[in-house]
Amino acid sequence: MEENLQIQEIKMNGFLFKILDKRKQEIARGRLYLLENDLHSQPIGYLEDVFVKEEYRGRGFGTKLVKEMIEKAKKENCYKIVCTSRFTKPEVHQFYEKLGFTKFGFEFRMDLK
């Protein structure tokens, strides 16, 4: 039996969220990617690059940002939303759990550069 590997390009949609201060300087940011696969009729929301500048942390900007991203994922008909965090960031884990996320599995990673 002869195998034949096929590769098809998949187009992905996403959104960049930013919170700016009065001077239009970025305070916080995050990306929401909509990922689709043949196993589900609805997309997955994937949060990436969620970040709040250090001097603005603890003031609710991260909470506001992620809540907006969750609402956008709902409007885009996502059936789930996923994010990752390093083992070395327990404060980030608590932040996501406070917002309703649950620890579900492990992220496996291979750095290519």
- Item | N-O pairing of Glu55 and Arg57 below 4.0 Å | no
- Task: Just do the side-chain contact (heavy atoms from CB on, under 4.5 Å) check on Cys83 and Tyr46 with the steps written out, would you?
- Result: CA-CA 6 Å; Cys83 61; Tyr46 181 73; 6.0 Å; no
- CD/Glu91: more than 12 non-hydrogen atoms of other groups inside 6.0 Å: yes
- Establish, for the pair Lys72 and Phe15, whether the NZ or CZ atom is under 6.0 angstrom from the six-membered ring centre and no further than 45 degrees off its axis. yes
- Of all heavy-atom pairs linking Cys78 and Ile44, the shortest is SG-C, 3.9 Å
- Got a second to check how far Leu34's CG is from Met12's CE, nearest 0.5 Å? 9.5 Å
- Task: Could you walk me through whether Lys74 and Glu76 pass the salt bridge (Lys or Arg N to Asp or Glu O under 4.0 Å) test, one step at a time?
- Result: CA-CA 5 Å; Lys74 288 178 182 177; Glu76 295 295 325; over 6 Å; no
- Would you call Val52 and Phe95 a side-chain contact if the rule is heavy atoms closer than 4.5 Å? no
- Task: Calculate, to the nearest 0.5 Å, the distance between atoms CG and CE belonging to Leu47 and Met69 respectively.
- Result: 4.5 Å
- Message: Minimum heavy-atom separation for Val92 and Ser85, please, with both atom names.
- Response: CG1-OG, 3.4 Å
- Query: Looking only at heavy atoms, what is the nearest atom pair of Arg29 and Leu65, with distance?
  - Reply: O-CD2, 3.1 Å
- Message: Please determine whether the number of non-hydrogen atoms from other residues, nucleotides or ligands lying under 6.0 Å from atom CD1 of Ile10 exceeds 12.
- Response: no
- Gap separating the CG atom of Leu32 from the CZ atom of Phe17, nearest 0.5 angstrom: 5.5 Å
- Note: Arg23 and Asp21 closest approach over all heavy atoms is N-OD1, 2.9 Å
- Message: Between Glu71 and Lys67 (salt bridge meaning N to carboxylate O under 4.0 Å), is one present in this structure?
- Response: no
- Heavy-atom closest pair (Glu26 atom, Leu20 atom, distance to 0.1 Å) is CA-CD2, 3.6 Å
- Pairwise distance OH(Tyr96) to NZ(Lys89) - rounded to 0.5 angstrom: 11.5 Å
- Separation between CD1 of Ile19 and CD of Glu68, rounded to the nearest 0.5 Å: 8.0 Å
- For side-chain contact (heavy atoms from CB on, under 4.5 Å), just list the numbers for Ile27 and Lys53, CA-CA rounded to whole Å, side-chain angles, deciding distance to a tenth of an Å, and then say yes or no. CA-CA 6 Å; Ile27 292 173; Lys53 282 188 172 180; 5.5 Å; no
- Hey, quick one: are Phe101 and Phe61 part of the same hydrophobic cluster, counting side-chain heavy atoms closer than 4.5 Å, chains of contacts allowed? yes
- Look at atom CG of Asp111 and say whether more than 12 heavy atoms of other residues, nucleotides or ligands are closer to it than 6.0 Å. yes
- Query: Does Phe104 reach the side chain of Val82, with side-chain heavy atoms less than 4.5 Å apart?
  - Reply: no
- Item | Interatomic distance, Glu97 atom CD to Lys103 atom NZ [nearest 0.5 angstrom] | 5.0 Å
